[in-house]
> 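Below you'll find the structure I mean.
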There are 2 protein chains.
Amino acid sequence: MMQETKMSTGWAMNIGEAAQASGVSAKMIRYYESISLIPPATRSDAGYRHYIASEVHTLRFIRRARDLGFSIESITRLLALWRDRARNSAEVKQVALDHVAELKHKIIELQQMVRTLEHLAHHCHGDDRPECPIIDELAASVEASPAATRSRKERKLAPLTEWRIAS
Amino acid sequence: MMQETKMSTGWAMNIGEAAQASGVSAKMIRYYESISLIPPATRSDAGYRHYIASEVHTLRFIRRARDLGFSIESITRLLALWRDRARNSAEVKQVALDHVAELKHKIIELQQMVRTLEHLAHHCHGDDRPECPIIDELAASVEASPAATRSRKERKLAPLTEWRIAS
DNA sequence: CTTGACCTTCCTATCGTGGGAAGCTCCACA
DNA sequence: TGTGGAGCTTCCCACGATAGGAAGGTCAAG
């Protein structure tokens, strides 16, 4: 992108320098190019990639967005909005708030795990005796657990009491 | 494992039934076997895997541990402790609390992202105008940002002002 | 001209999960 | 007894984002 700018400035960094300047590793810069998150870099006669300041700027944008947890897919949208001078800030805000909602969802899941584990650990002596409510909880026999089957597709199935006799 | 139990009961479920009963998909049961998290299942003459109640119990254990966010590696340890009747509960507690620490670390990271994003979103009009502090923050030019280079290995490098002239 | 730091492409691995193809088995029903 | 379909087998591929490494070319300083 911005070929003309590149031509007009004449400045260029190679991939290692661009990595250094942007905080994105050379490996990831090549990867981003391969998945078309960024356009193909111009090349020197020897095939070395060259980056001008505006491209490094884009890489830094990506790096910051990654640091905020945005997926590559979201970053694609954010980059398009960044380049779109006629954008609606509402769209940007939407992307950001959708992401916030996802993050909060994850946080709640993790907090639930922590709560359960801390509760169990609190009741565990943590000494040389084998008794352990943590193990007990994991090993608990389930009388009726809807949660245990929640995520699988429905299928025609035999009642649990109808196990077949082996061999 | 527990071959003799299997022999003594004679009961067996096939993989679909075991999946149903344990909450672990058939695909994952095969995967867990392939990575030796669980021992190879016994097979029928036709090659079908058979699972007895104690094996399903193990699968349910794994499922619960996964639900609490434990890695396969940690589950390997937990399973060993479960089977070890002479275990020290201290070891179990250690595995659990190490995991809690990891979870909390992740939570803090995510919360930091949320905080930043909500702060930015709060200052974004979110209307049809292009001005947007979210985009501005991502696009910000960095005067001096130690964070931007924090995770990369040190390398001999030219000062940023010494970019080479292209072509 | 040599050396070594850097670049190139290509392949591999991570982690846990799902999807699907090709082919075999089992069982119920006609 | 034949057939259809659900279920099983193995094998391969994909994800998302990243890192590591091998083999070979390039560049610049000494």
Side-chain angles (χ1 to χ4, degrees), chain A residues 12-20 23-38 40-51 59 62-63 65-76 99 102 106 150-158 162-167, chain B residues 12-20 23-38 40-51 59 62-63 65-76 99 102 106 150-158 162-167:
Chain A
M13 303 164 84
N14 63 24
I15 199 168
E17 291 161 332
Q20 178 69 24
V24 178
S25 72
K27 271 245 142 77
M28 292 312 299
I29 295 175
R30 293 191 198 100
Y31 172 69
Y32 293 155
E33 181 182 314
S34 80
I35 62 171
S36 299
L37 177 62
I38 56 176
T42 55
R43 305 280 190 130
S44 70
D45 289 348
Y48 282 24
R49 287 174 180 82
H50 278 174
Y51 298 90
L59 289 170
I62 293 169
R63 168 63 194 251
R66 290 291 304 140
D67 284 349
L68 286 173
F70 284 102
S71 65
I72 298 291
E73 196 190 347
S74 293
I75 295 175
T76 303
H99 180 46
E102 268 182 46
K106 263 186 223 165
R150 74 191 160 205
S151 71
R152 280 171 301 99
K153 291 172 189 161
E154 294 210 4
R155 56 192 271 268
K156 222 180 280 182
L157 52 92
E162 287 189 11
W163 299 345
R164 283 171 293 94
I165 295 174
S167 76
Chain B
M13 304 164 82
N14 63 25
I15 200 169
E17 292 162 332
Q20 178 70 24
V24 178
S25 72
K27 270 244 143 78
M28 292 314 298
I29 295 175
R30 294 193 197 99
Y31 172 68
Y32 292 155
E33 181 183 314
S34 80
I35 62 171
S36 299
L37 178 61
I38 56 176
T42 55
R43 305 281 189 131
S44 70
D45 289 349
Y48 281 25
R49 288 174 179 82
H50 279 175
Y51 298 90
L59 289 170
I62 293 170
R63 169 62 194 252
R66 290 292 302 143
D67 284 349
L68 286 173
F70 284 103
S71 66
I72 298 291
E73 196 189 347
S74 294
I75 295 175
T76 302
H99 180 46
E102 268 182 45
K106 264 186 220 164
R150 73 190 160 205
S151 71
R152 280 169 302 98
K153 293 172 188 162
E154 293 210 5
R155 55 194 272 271
K156 220 180 281 181
L157 52 92
E162 287 190 11
W163 300 345
R164 282 170 293 95
I165 295 175
S167 75

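Per chain, numbering begins at 1; letters A, B, ... match sequence-line order.
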> From CG of A:Leu37 over to C1' of D:dA17, roughly how many Å is that when rounded to an integer?
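Distance check: A:Leu37 CG to D:dA17 C1' gives 12 Å.
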
> To the nearest Å, give me how far apart CG (A:Leu59) and C1' (D:dA17) are.
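In whole Å, D:dA17 C1' and A:Leu59 CG are 15 Å from each other.
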
> Given C:dC6, C:dG18, D:dA19, identify the nucleotide with an atom nearest to the side chain of A:Tyr48.
C:dC6

> For B:Asp45 and for B:Phe70, locate the closest nucleotide of DNA chain C by heavy-atom distance; then report the residue assigned to the nucleotide nearer the 5' terminus.
B:Phe70

> Please identify each residue that fulfils ring-ring contact (aromatic ring centres under 6.0 Å, His included) with B:Phe70, with sequence neighbours left out.
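Residues passing ring-ring contact (aromatic ring centres under 6.0 Å, His included) with B:Phe70: B:His99.
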
> Can you check whether B:Val24's main-chain N or O pairs, donor with acceptor, with B:Arg63's side chain at less than 3.5 Å?
no

> Quick check on DNA chain D: between A:Tyr31 and A:Ala46, whose nearest nucleotide comes earlier from the 5' end?
A:Tyr31

> Would you say D:dT18 has OP1 or OP2 under 4.0 Å from some side-chain N or O of A:Ser25?
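Checking D:dT18 against A:Ser25, no side-chain N or O comes under 4.0 Å of OP1 or OP2.
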
> What is the distance, rounded to the nearest whole Å, between atom CD of B:Glu73 and atom C1' of C:dT14?
13 Å

> Nearest whole Å is fine: how far is D:dT18 P from A:Met28 CE?
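Going from A:Met28 (CE) to D:dT18 (P), I get 4 Å.
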
> Would you work out how much the helix from C:dC1-D:dG30 to C:dA30-D:dT1 bends between its ends, with each end axis defined by five base pairs, to 10 degrees?
20°

> To the nearest Å, how far apart are B:Tyr51 OH and D:dG7 P?
16 Å

> Scan nucleotides 10-13 of chain D against the protein and return all N/O pairs shorter than 3.5 Å with their distances rounded to 0.1 Å.
unit_1	atom_1	unit_2	atom_2	d
D:dT10	OP1	B:Arg43	NH1	3.4
D:dT10	OP1	B:Arg43	NH2	2.9
D:dT10	OP2	B:Arg49	NH1	3.0
D:dT10	OP2	B:Arg49	NH2	2.9

> Rounded to the nearest Å, what distance is computed from the CD1 atom of residue A:Ile15 to the C1' atom of nucleotide C:dC6?
11 Å

> Using the closest heavy atom to pick a nucleotide of DNA chain D for each, name whichever of A:Ile72 or A:Ser44 lands nearer the 5' end.
A:Ile72

